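Here the structure comes first, spelled out in structure tokens, and everything after it is commentary.
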Amino acid sequence: MGTIDISTLHLLLGLLLMAVPVYFLWKYKTGIVRSTVTAVVRMVVQMFLVGLYLKYLFIWDNPWLNTAWVVIMIYVASETSLTRTKLKRKMMMLPLIIGFFVASVTIGLYFLGVVLQLDNVFNAQYFIPVFGILMGNMLGVNVIGLNVFYYNLMREKNSYYYLLGNGATTDEATAPFVKQALIRAFSPAIANMAVMGLVALPGTMIGQILGGSTPDVAIKYQMMIIVITISASMISLMLTLNLSKRITFDDMGRINNPFK
Amino acid sequence: MNETLYIDNIVVAYDDKTIIHNFSLQVGKGETIAVTGASGCGKSSLLKAILGIVPIKAGNINLSGMELSAHNIYAFRKKTAYLPQELTFPCEWVHEMIALTFGIKANRGKENRKLLHTYLNKLSLDSDICEKRLSEISGGQRQRIMIAVAALTNKDFILLDEPTSALDKESARKVLDFLNSLDNKPGIIAVTHDAEFASHCSRVVDISKYMYNGNN
């Protein structure tokens with residue numbers, strides 16, 4: 001059972017459905033019609049480019065090339081995190097890169113090597129999509145987690161200094177803020193996991209079924225994808241937070257403003 | 001061990017702006033010092049400087065033979081309790097707010113809970129207040145709870161920033177009586193605008209004359 005291709009004409013017919021949300025956004029003068037249309041155009045262009053380079057990555061299937069692609073993804077994810085959190089580059093860039101790298105490599109290779117038992121873990125068919133989905137999820141969690149942690153810490157600086165002044169170490173005094181960041185960053189994923197298959201059929205599973213896999217294989221991949229994305233996101237966020245704390249706090253525990 | 005806090009000729013500055021110039025003070029355990037002065041003269045900054053939260057550009061601070069430095073900052077702060085004037089907590093309940101301080105002291109348990117309730121009662125608070133939401137209690141209640149918690153941590157020195165700012169005269173007097181009645185009484189430095197409160201302290205230090213004006 002193969003996947004039915006979509007011709008350019010029919011793809012355009014499908015894209016026409018965007019007229020419905022655009023109409024209501026225009027009717028209620030939301031002011032985001034232009035950005036919505038721009039987003040659609042960007043999506044189409046970017047996806048065609050992704051399709052093109054993925055096609056060649058799959059044809060060449062070269063471990064060095066695949067690894068280089070992951071390195072580029074880590075850099076782009078780190079840059080995007082900086083832009084979306086408005087945190088200072090000199091304080092956050094290195095912790096972000098290390099967090100993304102360590103989390104994606106350990107979890108990605110564990111999944112490909114230990115769980116899937118691939119002879120060649122760099123096989124593009126598995127390596128590229130697994131690292132891609134890890135990176136996307138880690139990015140979302142890092143942006144929320146870092147934002148919540150540093151925003152709340154700066155807003156409630158007095159309570160941090162209160163704890164410090166009462167004998168807490170920097171790690172102890174920041175623990176309430178780490179807790180808030182973890183709750184905000186992971187609640188959506190945990191809530192989704194709890195209703196998976198009941199309220200919505202998840203993307204990976206649908207993709208696999210459309211691609212020809214049987215449902216019993218698709219559900220196993222779906223479960224694994226959820227687990228590896230949450231695990232990698234946790235490792236990435238905790239590493240980034242802990243490494244960045246070494247830079248954002250001085251040796252007396254004082255906070256250096258991490259925002260631009 | 002001589003449990004004394006020595007502040008020797010300190011200069012306190014935020015970046016390039018000097019706040020306090022050449023200030024010295026000696027506080028023994030058991031003493032209660034009121035630090036007074038006009039708004040903005042650096043009273044709160046003095047407490048923060050003692051804790052190493054605000055940098056000192058010159059001079060020394062020494063607590064029970066331990067000099068304030070990056071090398072021993074956490075051991076230094078283990079000997080202090082601190083209550084800032086404005087405090088927002090990253091939690092919802094009073095018992096969570098208390099647990100935050102207890103958590104770092106690791107001295108939870110029945111005995112401390114009992115002592116906390118005794119302290120709360122001495123400060124005219126019902127122990128049921130621990131089960132309320134932070135949004136349900138007044139600023140004065142919050143202030144007294146945190147003073148009880150500061151006392152409970154059993155530190156050598158307590159630094160209080162405007163501890164009676166949300167209290168009426170009677171409650172303010174009760175707070176002072178409570179602090180003075182503590183067993184193994186700590187040294188207390190209280191920044192205050194409350195002349196009545198200050199008049200009942202062992203000493204009053206006016207910090208205004210150490211305010212940096214560009215000439216001193």
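No experiment lies behind these values; they were computed from the predicted model shown. Convention: sequence-line order gives letters A, B, ...; per-chain numbering from 1.
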Closest-packed option against chain A by number of heavy-atom pairs under 4.5 Å, given B:Ile50, B:Val54, B:Leu83, B:Leu47: B:Val54
Under 4.5 Å from any heavy atom of chain B - which part of A:Gln180: side chain
B:Trp93 atom CH2, over 12 foreign heavy atoms within 6.0 Å: yes
Heavy-atom pair with the smallest gap, counting every atom of B:Leu100 and A:Leu163: O-CD2, 3.9 Å
Top contributor to chain B contacts, counting heavy-atom pairs under 4.5 Å, from A:Pro176, A:Ala175, A:Ser159, A:Gly165: A:Gly165
Part of A:Asn152 within contact of chain B (heavy atom distance under 4.5 Å): neither
Flag if over 12 foreign heavy atoms under 6.0 Å of OH, A:Tyr110: no
OG1 on A:Thr169 to OH on B:Tyr74, rounded to 0.5 Å: 6.5 Å
Top of B:Thr88, B:Thr80, B:Ile53 for chain A proximity - count of heavy-atom pairs under 4.5 angstrom: B:Ile53
Straight-line distance of B:Met146 CE to A:Asn166 CG, nearest 0.5 Å: 7.5 Å
Closest non-hydrogen atom pair, A:Asp251 against B:Ile73: O-CG2, 3.8 Å
Minimum heavy-atom distance B:Tyr82-A:Tyr161, with the two atoms named: CD2-O, 3.7 Å
Heavy-atom side-chain contact between A:Tyr162 and B:Thr101 under 4.5 Å: yes
Closest contact, heavy atoms only, B:Arg77 versus A:Met252: NH2-O, 2.7 Å
B:Arg142 atom CZ: more than 12 heavy-atom contacts under 6.0 Å: yes
Heavy-atom contact with chain B under 4.5 Å, split by part of A:Tyr160: neither
Heavy atoms of other groups near B:Lys17 NZ, more than 12 under 6.0 Å: no
